[in-house]
Amino acid sequence: MRGVTILGSTGSVGVNTLDVIARHRDELRAVALTAHSNDACLFEQCREHQPEFAVLIDPVAAARLRERIRVAGLKTQVLDGAAALEEAARLPATHTVMAAIVGAAGLLPTLAAAQSGKRLLLANKEALVMAGDLLIESVRASGAQLIPIDSEHNAIFQCLGNPAVAGSRPQGLRRIILTASGGPFLNTPAEKLARVTPAEACAHPNWVMGRKISVDSATLMNKGLELIEACWLFGVAPDDVEIVVHPQSVVHSMVEYVDGSVLAQLGNPDMRTPIAHALAWPERRESGVESLDVVRLARITFEAPDLERFPCLGLAQRAARDGGTAPVLLNAANEVAVQAFLECRLNFTAIAVVIEGVLNRVASEPVRSLTTVLDADATARRAAVEAIARLDGVVSDPVAGACA
Ligand code: NAD
Ligand code: MG
């Protein structure tokens, strides 16, 4: 029986993880479930999975959850605050930690899982983008197992066959071909992009995901973050990764070896495949995902990404090449700009303008410690807030009715 801590259990990846766990109750059990403030959803999850611990960041929501748990006669202990996330990641009863918090908020508990030698299932790509060096070092030092959950990186991990040491380039690898769906605006003309709404940006054609990653998929920043993620996970350089748009989202990525062999991993776009793969690895377990109907699929296509309509991808490539804290600045500016877009304070096309402004204003530095990372994150957030204020009324005319 393996105990699992899910960081971000109420989110899209978290819910899919519990779905897979529920199919294998004889082998897997939830030890700790954590969320930001959704006590109603976390209560239902506690009732079904009876974890030992439940964590909410928001103390008011935690108090509500504690009371409901008491009334229901459950044994789950409710903790609150960000420090409790790290405790949940380090629990002795926890074998596997699913890191599925969105954004920089997931960094410290993800590091805690890596430092305590757990099997770390990494969905929270922002943690790796910010602190790849520190995270990979921690994994190596503690003997933790790092298995990517991002469908592309999980595909690459599968195509690489023998588990390589985290962060070291596999023998014989020539390059990685990272696929991108292209998002909901793949065929939207440039002049219409400034007026797209958060609802349109979040209506992804193939995947149902949280709002932040949905916007990242629409700007192609998601693929840029995934480029940086791939460099850390597989020890490759940005120029070893080719990004191709593949709108059907069934080829989750490919690897090419020096002998010319290209291996791909295919499957329906359903996160339960990478989640079940990583939970059961090196074995295989049922995930609930439908078989891929290749005849109905009939045609799969690949095309080059359009960096003019989707400048966020180029900005991420630039940060990947610059290294140091550049990816931290990129990620922080993106989080602030995406939040502003979701709250209708910024146009879709201004997201890239804000990020570029921050990259131009704040110098990248070598990453010496976690403090360097956290300082760069804070500086970039301040610079992004200022950039948004400066843009007000210039690039970002209000998106009329977008948030209605
Ligand atoms: P989501 O928004 O649906 O869920 C986020 C979870 O994190 C929720 O449980 C929420 O309560 C928690 N959370 C949010 N802010 C927090 C904070 N400040 N402190 C603690 N917890 C907090 O997001 P998601 O779509 O499930 O994505 C989670 C991560 O997985 C992201 O990094 C995303 O890039 C990555 N990912 C998601 C998918 C997908 O299909 N959804 C695919 C690949 C990678
Ligand atoms: Mg992905």
Side-chain angles (χ1 to χ4, degrees), residues 5-19 32-42 44-45 54-59 61-62 65 79-86 88-89 98-110 112 121-130 147-157 178-183 202 204 206-217 219-230 233 243 246 249 251-253 265 267-275 278 289 331 334-335 338-339 342 377:
T5 286
I6 305 180
L7 302 168
S9 67
T10 59
S12 160
V13 172
V15 166
N16 277 308
T17 306
L18 284 172
D19 181 283
L33 301 179
T34 87
H36 183 265
S37 47
N38 189 343
D39 55 294
C41 176
L42 193 53
E44 291 307 325
Q45 294 183 337
V55 180
L56 283 169
I57 299 299
D58 177 3
L65 178 65
L79 308 174
D80 57 68
L85 296 176
E86 291 172 59
M98 167 59 82
I101 291 174
V102 58
L107 174 58
L108 295 180
T110 301
L121 310 193
L122 188 74
N124 179 206
K125 65 192 84 183
E126 296 92 345
L128 199 60
V129 167
M130 292 175 73
I147 308 186
I149 293 298
D150 218 341
S151 55
E152 297 77 3
H153 305 75
N154 184 270
I156 295 161
F157 183 94
L178 191 64
T179 54
S181 69
C202 289
H204 195 280
N206 306 335
W207 298 94
V208 181
M209 307 181 289
R211 284 163 69 78
K212 192 264 179 181
I213 184 178
S214 295
V215 176
D216 286 348
S217 300
T219 59
L220 291 199
M221 177 55 91
N222 184 49
K223 216 44 57 181
L225 298 176
E226 290 184 356
L227 162 69
I228 300 169
E229 184 184 11
L233 286 171
I243 294 168
H246 161 55
S249 293
V251 177
H252 298 307
S253 276
Q265 185 259 0
N268 279 316
D270 186 322
M271 287 306 289
R272 291 175 301 174
T273 292
I275 291 167
V289 175
N331 178 67
N334 181 55
E335 285 192 29
V338 168
Q339 187 62 32
L342 285 171
D377 177 75

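Start at 1 with the first residue, then count along the sequence. For ligands, and for the atoms within them, numbers begin at 1 and follow the listed sequence.
- Residue contacts with ligand 1 for K125 involve both N, CA, C or O and side-chain atoms from C-beta outward (heavy atoms, distance under 4.0 Å).
- Considering only heavy atoms from C-beta on, V102 stays 4.5 Å or farther from I213 through its side chain.
- When the N, O or S atoms of D150 are ranked by distance to the Mg ion (ligand 2), OD1 comes first.
- At a 4.0 Å cut-off, not a single heavy atom of N38 sits close enough to ligand 1 to count as contact.
- By the 3.5 Å distance cut-off applied to N or O atoms, D150 is not counted among the residues near ligand 1.
- When heavy-atom distances to ligand 1 are checked against a 4.0 Å cut-off, N124 comes that close through both its backbone and its side chain.
- Looking at S151, A84, S12, P148, it is S12 that brings a heavy atom closest to atom 24 (P) of ligand 1.
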Side chain to side chain contact (heavy atoms under 4.5 Å, CB included) between T273 and H252, intermediate numbers included: CA-CA 11 Å; T273 292; H252 298 307; over 6 Å; no
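- For atom 29 (C) of ligand 1, the closest non-hydrogen atom on the protein side is I101 O, 3.7 Å.
- Judged by the shortest distance from any of its heavy atoms, G14 lies outside the 4.0 Å radius around the atoms of ligand 1.
- For E152 atom OE1 and E226 atom OE2, the angle they make at the Mg ion (ligand 2) is roughly 100°, to 10 degrees.
- The shortest distance between side-chain heavy atoms of S12 and M271 does not fall below 4.5 Å.
- The distance from atom CD of E229 to atom CG of L122, rounded to the nearest 0.5 Å, is 6.0 Å.
- Between the choices N16, V13, T10, the shortest heavy-atom distance to atom 38 (C) of ligand 1 belongs to V13.
- Proximity of S9 to L42: side-chain heavy atoms (C-beta onward) are separated by under 4.5 Å at one or more points.
- The closest side-chain heavy-atom distance from K223 to L227 is not below 4.5 Å.
- Heavy atoms of E126 found under 4.0 angstrom from ligand 1 belong exclusively to the side chain.
- Summary of contacts: the protein heavy atom closest to atom 35 (C) of ligand 1 is A123 O, 3.0 Å.
- Among all protein heavy atoms, the one lying closest to atom 25 (O) of ligand 1 is G210 N, 2.8 Å.
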Could you go through the side-chain hydrogen bond (donor to acceptor under 3.5 Å, both in side chains) check for S37 and D58 one step at a time? CA-CA 5 Å; S37 47; D58 177 3; 5.0 Å; no
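- The side chain of A105, and not its backbone, has at least one atom closer than 4.0 Å to an atom of ligand 1 (non-hydrogen atoms only; side chain from C-beta on).
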Can you list the steps and then say if M98 with I275 is a side chain to side chain contact (heavy atoms under 4.5 Å, CB included)? CA-CA 9 Å; M98 167 59 82; I275 291 167; 4.0 Å; yes
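- In terms of protein heavy-atom proximity, atom 20 (C) of ligand 1 is closest to I57 CG1, 3.4 Å.
- Polar contact check, G11 against ligand 1: a nitrogen or oxygen pair lies under 3.5 Å apart.
- Side chains of L85 and I57 form a contact here, defined as non-hydrogen atoms less than 4.5 Å apart.
- For atom 13 (N) of ligand 1, the closest non-hydrogen atom on the protein side is H36 CB, 3.8 Å.
- Atom 28 (C) of ligand 1 has A100 O, 3.3 Å as its closest protein atom, hydrogens excluded (heavy atom only).
- Of the polar atoms of G103, none of the N or O atoms is found under 3.5 Å from an N or O of ligand 1, judged by distance alone.
- Classification of E126 and K212 as a salt-bridged pair holds, one side-chain N sitting under 4.0 Å from a carboxylate O.
- Heavy-atom proximity to I213, at under 4.0 Å, picks out these atoms of ligand 1: 25 (O), 33 (C), 34 (O), 36 (N), 37 (C), 38 (C), 42 (C), 43 (C), 44 (C).
- The shortest side-chain heavy-atom distance between I156 and L233 does not fall under the 4.5 Å cut-off.
- Two residues are said to be in side-chain contact when any heavy atoms from C-beta on lie closer than 4.5 Å; L18 and L33 meet this criterion.
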